[in-house]
Asks: 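I have a structure here, written as structure tokens, and I will follow up with some questions on it.
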Protein chains: 2
Amino acid sequence: MSLVRRTIERYVKLTDAEWAVVAPHWQPRDFPRGAFITRTGEVEPWFSIVEQGVQRLFVEHDGSEVCVGFAYDGSWSGVYDSFVTRTPSRFAVQAVTDSRLWSIRREALYGLYDTVPAMDRWGRLILEELLIGRATREIEQLTLDAEARYRNLIRRSPHLLQLVAQKDIASYLRMTPETFSRLRARVR
Amino acid sequence: MSLVRRTIERYVKLTDAEWAVVAPHWQPRDFPRGAFITRTGEVEPWFSIVEQGVQRLFVEHDGSEVCVGFAYDGSWSGVYDSFVTRTPSRFAVQAVTDSRLWSIRREALYGLYDTVPAMDRWGRLILEELLIGRATREIEQLTLDAEARYRNLIRRSPHLLQLVAQKDIASYLRMTPETFSRLRARVR
DNA sequence: GAAGGTTCTTGATCCACATCAAGCGCCGGC
DNA sequence: GCCGGCGCTTGATGTGGATCAAGAACCTTC
């Protein structure tokens with residue numbers, strides 16, 4: 001069974017008839033390491049599920065970049081607010097490793113929302129999950145200092161350290177690469 | 001026509017028959033100034049639409065409070081992640097002024113999601129809006145310094161300054177009351 | 001496998017904002 | 001209408017993490 005169907009069915013069950021309607025709208029897209037999947041200022045037409053690879057989501061701000069999230073196998077990837085509002089994306093997405101995404105276009109997904117009620121529900125459940133993730137992250141930023149944020153990350157996502165550059169993790173944790181490096185040397 | 005119906009119909013149209021199913025589940029709840037609507041650690045059973053009053057949403061962290069949002073007339077109010085996951089809330093909600101909310105219980109809303117497809121869609125649209133708001137706020141925190149965040153707030157929500165204490169706005173903008181006070185004296 | 005770029009480390013210095021402190025004024029309650 | 005307390009202001013001092021700088025260890029790529 002396809003990755004896309006399995007991923008959707010983590011949230012809602014689809015009959016074979018429903019899947020037959022949904023399936024043709026998804027297509028694979030491949031990106032080599034370093035390629036941009038979405039650039040700042042472009043409208044995001046895709047919503048994607050990651051089959052393989054790691055991507056980083058970041059904001060550009062006078063010359064520097066601040067990482068706000070990562071996506072990897074089995075998670076979704078994209079810029080949801082640009083996708084929804086059809087406005088230029090304030091975030092960029094870049095493949096950190098060679099990546100394969102399965103993607104659906106906005107018009108196709110919104111068509112499915114109208115024709116397949118289970119997909120409308122899926123949209124709601126995905127968003128609930130995203131929103132809960134954001135709330136958790138906001139609380140971490142508010143209540144933890146640099147060291148505690150670092151400890152939290154290596155506890156919760158130790159694999160990230162192997163996959164992406166330390167400077168990206170550092171900016172994700174809202175600190176400079178120097179501070180991150182010093183923490184690594186100091187902690188444990 | 002009721003506030004609740006009008007508010008829902010900003011997102012989806014309801015037939016009179018659908019409204020007849022939806023309406024009985026909503027009830028008014030009144031809170032005097034200063035009352036807690038949700039306490040940290042309690043599971044949030046309500047989702048609410050604000051008829052009148054202002055509420056603040058905040059995180060408690062060793063003795064101090066950090067404001068993460070406000071709700072007022074026509075906006076929603078509640079702790080969505082606790083509501084969805086039925087886990088103890090990490091946020092508290094307090095009435096800043098005398099408030100009237102129209103609220104629906106979790107079981108009732110999830111029942112409506114199953115019986116009234118338009119409500120399932122409404123849930124998705126509300127979440128899209130919330131997520132876009134969070135993204136906007138995250139970008140502000142990342143790209144603006146204390147003064148720019150202050151200027152942004154007085155431009156976008158000048159009424160807030162009249163409605164809530166400066167210390168709450170200060171913590172919402174991630175600064176101390178002292179820094180906020182100095183900005184007010186310095187800027188314009 | 002040499003060259004050149006990028007990332008990571010380590011040290012010295014700096015600064016925006018927090019913290020501490022003290023006085024003032026306003027508002028709400030008895 | 002007076003008292004008590006919280007919120008606001010203003011000044012002095014402190015500090016976590018940023019910035020600046022320079023060398024070392026990687027990867028890439030040709």
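Quick note on labels: first sequence line is chain A, next is B, and so on, each numbered from 1.
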Asks: Treat each ILVMFWY residue as a node, draw an edge where side-chain heavy atoms are under 4.5 Å apart, and state whether A/V79 and A/W76 are in one component.
Replies: no
Asks: Could you work out which one of D/dT9, C/dT7, C/dT10 sits closest to the side chain of A/A185?
Replies: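 For A/A185, the side-chain atoms sit closest to C/dT10.
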Asks: Just how far, in rounded Å, is C1' of C/dG25 from CD of B/Q166?
Replies: 13 Å
Asks: Round to the nearest Å and state the distance from B/L144 atom CG to C/dA16 atom P.
Replies: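 Going from B/L144 (CG) to C/dA16 (P), I get 17 Å.
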Asks: Could I get the full list of side chain to side chain donor-acceptor pair (under 3.5 Å) partners for B/E140, not counting sequence neighbours?
Replies: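 B/E140 satisfies side chain to side chain donor-acceptor pair (under 3.5 Å) with B/N152, B/R156 only.
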Asks: Reading nucleotides 24-30 of chain D 5' to 3', which nucleotides get B (base under 4.0 Å from a protein heavy atom), which S (sugar-phosphate only), which -?
Replies: ----S--
Asks: Starting at atom CG of B/L161, determine the distance to atom C1' of D/dG7, rounded to an integer number of angstrom.
Replies: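 Nearest whole value for this atom pair: 15 Å.
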Asks: Quick one: side chain to side chain donor-acceptor pair (under 3.5 Å) partners of A/T40, sequence neighbours excluded?
Replies: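 Result, side chain to side chain donor-acceptor pair (under 3.5 Å) vs A/T40: A/E60.
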Asks: Just to verify, what does B/F58 make a ring-ring contact (aromatic ring centres under 6.0 Å, His included) with, not counting sequence neighbours?
Replies: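 Counting only residues at least two positions away or on another chain, B/F58 forms no ring-ring contact (aromatic ring centres under 6.0 Å, His included).
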Asks: How would you list, by chain and number, every residue that makes a side chain to side chain contact (heavy atoms under 4.5 Å, CB included) with A/P117, sequence neighbours excluded?
Replies: none
Asks: D/dT19 P sits how many Å from A/F180 CZ, rounded?
Replies: 17 Å
Asks: Please round to 10 degrees the angle between the axis of the first five pairs and the axis of the last five pairs in the helix from C/dG1-D/dC30 to C/dC30-D/dG1.
Replies: 60°
Asks: Could you list the residues that satisfy ring-ring contact (aromatic ring centres under 6.0 Å, His included) with A/F70, not counting sequence neighbours?
Replies: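 Per chain and number, A/F70 pairs via ring-ring contact (aromatic ring centres under 6.0 Å, His included) with A/Y172.
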Asks: Generate the contact string for nucleotides 17-22 of chain C. Rules: B means base contact, S means sugar-phosphate contact only, - means no protein heavy atom under 4.0 Å.
Replies: SSBB--
Asks: Expressed as a whole number of angstroms, how long is the span from A/D168:CG to C/dT6:P?
Replies: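 So the CG-P distance, A/D168 to C/dT6, works out to 14 Å.
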Asks: Using distance only, find each side-chain donor-acceptor pair of residues 104-111 of chain B under 3.5 Å and give its atom names and separation, not counting sequence neighbours.
Replies:
unit_1: B/R106; atom_1: NH1; unit_2: B/F83; atom_2: O; d: 2.9
unit_1: B/R106; atom_1: NH1; unit_2: B/V84; atom_2: O; d: 2.7
unit_1: B/Y110; atom_1: OH; unit_2: A/E128; atom_2: OE2; d: 3.0

Asks: Going by side chain to side chain donor-acceptor pair (under 3.5 Å), name the residues that satisfy it together with A/T87, two or more places apart in sequence or in a different chain.
Replies: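 Testing A/T87 for side chain to side chain donor-acceptor pair (under 3.5 Å), a comparison that skips the adjacent residues, returns A/T85.
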Asks: Taking the ring of A/W122 and the ring of A/F47, is the distance between their centroids below 6.0 Å?
Replies: yes
Asks: Go through the structure and list residues passing side chain to side chain donor-acceptor pair (under 3.5 Å) with A/Q52, not counting sequence neighbours.
Replies: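 Counting only residues at least two positions away or on another chain, A/Q52 forms no side chain to side chain donor-acceptor pair (under 3.5 Å).
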Asks: Could you list the residues that satisfy side chain to side chain contact (heavy atoms under 4.5 Å, CB included) with A/A118, not counting sequence neighbours?
Replies: A/V12, A/L14, A/E18, A/V116
